[in-house]
Amino acid sequence: MKRVITVSVLAATMLTSCVSKKKYVALEGELNDTRSTLQKTRVEKEEIEEKYARIEERVADYNAKINSLRTENEGMMEMNDLTVMSKNTKDKMRNTISKIDPEKVKGAKTLEDSINLAVSYNLKQNISEGADEDDIDISVDETVVMINVSDKLLFGSGSYRVTKEAQPLLKKLAEVINSEPAMEVMIEGHTDDRTMVKESYLQDNWDLSVRRATSIVRLLQDKYNVEPSKLIAAGRSSYQPLVENTNKDNMAKNRRTRIVIIPNLDKFFAMLEGDAAVAKQ
């Protein structure tokens, strides 16, 4: 009886070994592949985290610079003191104001409001040629010019490749930037809050917003000869929406690229000229 049991155990062991060896090798190969993929993913994650940390640091420095320049310009932009502006500049402002929708003009309570309105109007007229009016929105806050450009003008859905339709806008923008050596520009990508398609080449909305910003920066540098030291690329993902992401229209508003320009005061006033979004040297 003992002999029979021993033989049976030996036979079962040999059979199990023969059957399981291939499975074992296959599983071992899958395990190695999984470990390799996991390691690659960890490296990519660390690289992305480092990249975002560098971007956040640059954005923080840039925002600090914006606040500093605003403080410096407050005294110069005190609009109760009309000596800040020459007669020629005032005349240009009045000429521009006459072309603006009276309802918008009513909202300008101070001379500073009027100048900001005139600069916004002239800059929009200059850079938005060929684009729908709703695709570009320009506002001014103490000589800091903020241009919001809709997603549909710049990119295809879920893509960071810049469309051909956006090229005239970027060309005009480059001319504005190149007109002033000291000018700095931050390009911010913004998305809605929808998640990426599973197994997409994009990791998440952070990834999409940063890639869109860097796509524009590269075009400004490589195609339109903007000095790269004047440019900052930043991604905001979906965390600075203009409106709640409750419907398609609101989501479309939140999918945008914001271009922040800081000109000096002379160049800012030069934007009052109807044909001078590109300030004369």
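Only heavy atoms go into these numbers, but all of them, side chains included; no hydrogens, no water, no symmetry mates.
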Which of Q167, E175, K171 passes side chain to side chain donor-acceptor pair (under 3.5 Å) with Y224? Answer is Q167

Closest non-hydrogen contact found for A213 with G189 is CB-N, 4.0 Å

Query - Verdict with supporting geometry, S139 and M146, side-chain contact (heavy atoms from CB on, under 4.5 Å) - result: CA-CA 5 Å; S139 60; M146 286 163 283; 3.9 Å; yes

Is there side-chain contact between T214 and Y160, with at least one heavy-atom pair below 4.5 Å? no

Rounded to the nearest 0.5 Å, the CZ atom of R236 sits from the OG1 atom of T191 at a distance of 12.5 Å

Rounded to the nearest 0.5 Å, the CD1 atom of I115 sits from the OG1 atom of T96 at a distance of 11.0 Å

Is R211 salt-bridged to D207, cutoff N-O under 4.0 Å? yes

Any side-chain donor paired with an acceptor under 3.5 Å for S150 and D135? yes

Next item on the list: Could you check if a side-chain atom of L173 sits within less than 4.5 angstrom of a side-chain atom of V226, using non-hydrogen atoms only?
Entry: no

Checking side-chain contact (heavy atoms from CB on, under 4.5 Å) for the pair T195/D204: CA distance, chi angles, key distance, verdict? CA-CA 7 Å; T195 57; D204 52 25; over 6 Å; no

Does F155 offer a backbone N or O that forms a donor-acceptor pair with the side chain of T163 under 3.5 Å?
no

Taken to the nearest 0.5 Å, the spacing of S36 OG from L38 CG works out to 9.5 Å

(Q) Less than 4.5 Å apart, side chain to side chain, heavy atoms only: is that true for M251 and D193? (A) yes

- Task: Would you please say whether a donor-acceptor pair under 3.5 Å links the side chains of D192 and S238?
- Result: no

Closest heavy-atom pair, G235 versus V210, reported as atoms and distance to 0.1 Å, is CA-CG2, 3.7 Å

Check your understanding: Under 3.5 Å, is there a donor-acceptor pair between the N205 and S209 side chains?
Key -> no

Practice problem: Please report the C-alpha distance between V140 and V144 in whole Å, then the side-chain angles of each, then the deciding distance to 0.1 Å, and finally whether the side-chain contact (heavy atoms from CB on, under 4.5 Å) criterion is met. | Solution: CA-CA 6 Å; V140 179; V144 177; over 6 Å; no

| request: Determine whether more than 12 heavy atoms belonging to other residues, nucleotides or ligands lie under 6.0 Å from atom NZ of K230. | output: yes

In Q203, M196, R255, the residue satisfying side chain to side chain contact (heavy atoms under 4.5 Å, CB included) with L208 is M196

Q: Test V185 against V260 for side-chain contact (heavy atoms from CB on, under 4.5 Å), laying out the working first.
A: CA-CA 6 Å; V185 179; V260 184; over 6 Å; no

* Asked: Is it true that R212 and D151 make a salt bridge, defined as a side-chain N closer than 4.0 Å to a carboxylate O?
  -> yes

message: Main chain of R161, side chain of S215: is a donor-acceptor contact present, judged purely on distance under 3.5 Å?
response: no

Output for pair (L153 CG, R256 CZ), nearest 0.5 Å, gives 15.0 Å

- Hey, are R42 and E46 close enough for a salt bridge, meaning a charged N less than 4.0 Å from a carboxylate O? no

- Message: Are the side chains of T257 and I216 in contact, using a 4.5 Å heavy-atom criterion?
- Response: yes

- Task: Look at the side-chain heavy atoms of Ile, Leu, Val, Met, Phe, Trp and Tyr, link any pair under 4.5 Å apart, and say whether I261 and L170 land in one connected group.
- Result: yes

To the nearest 0.5 Å, atom OG of S229 lies from atom CD of Q221 at 9.5 Å

Between the CD1 atom in I100 and the CD atom in Q125, the distance rounded to the nearest 0.5 Å is 9.0 Å

In short, Y201 meets S159 closest at the heavy-atom pair OH-CA, 4.0 Å

Only one of N148, I259, L169 passes side chain to side chain contact (heavy atoms under 4.5 Å, CB included) with I136, and that residue is L169

### Message
Are M186 and Y239 connected into the same hydrophobic cluster when the rule is that any two of I, L, V, M, F, W, Y join if their side-chain heavy atoms are below 4.5 Å apart?
### Response
yes

In this structure, would L219 and I147 fall into the same cluster of hydrophobic residues linked by side-chain contacts under 4.5 Å?
yes

Quiz item: Do the non-hydrogen side-chain atoms of I138 and V119 ever get within less than 4.5 Å of each other?
Solution: no

Query raised in the report: Under 3.5 Å, is there a donor-acceptor pair between the N254 and N245 side chains?
Result: yes

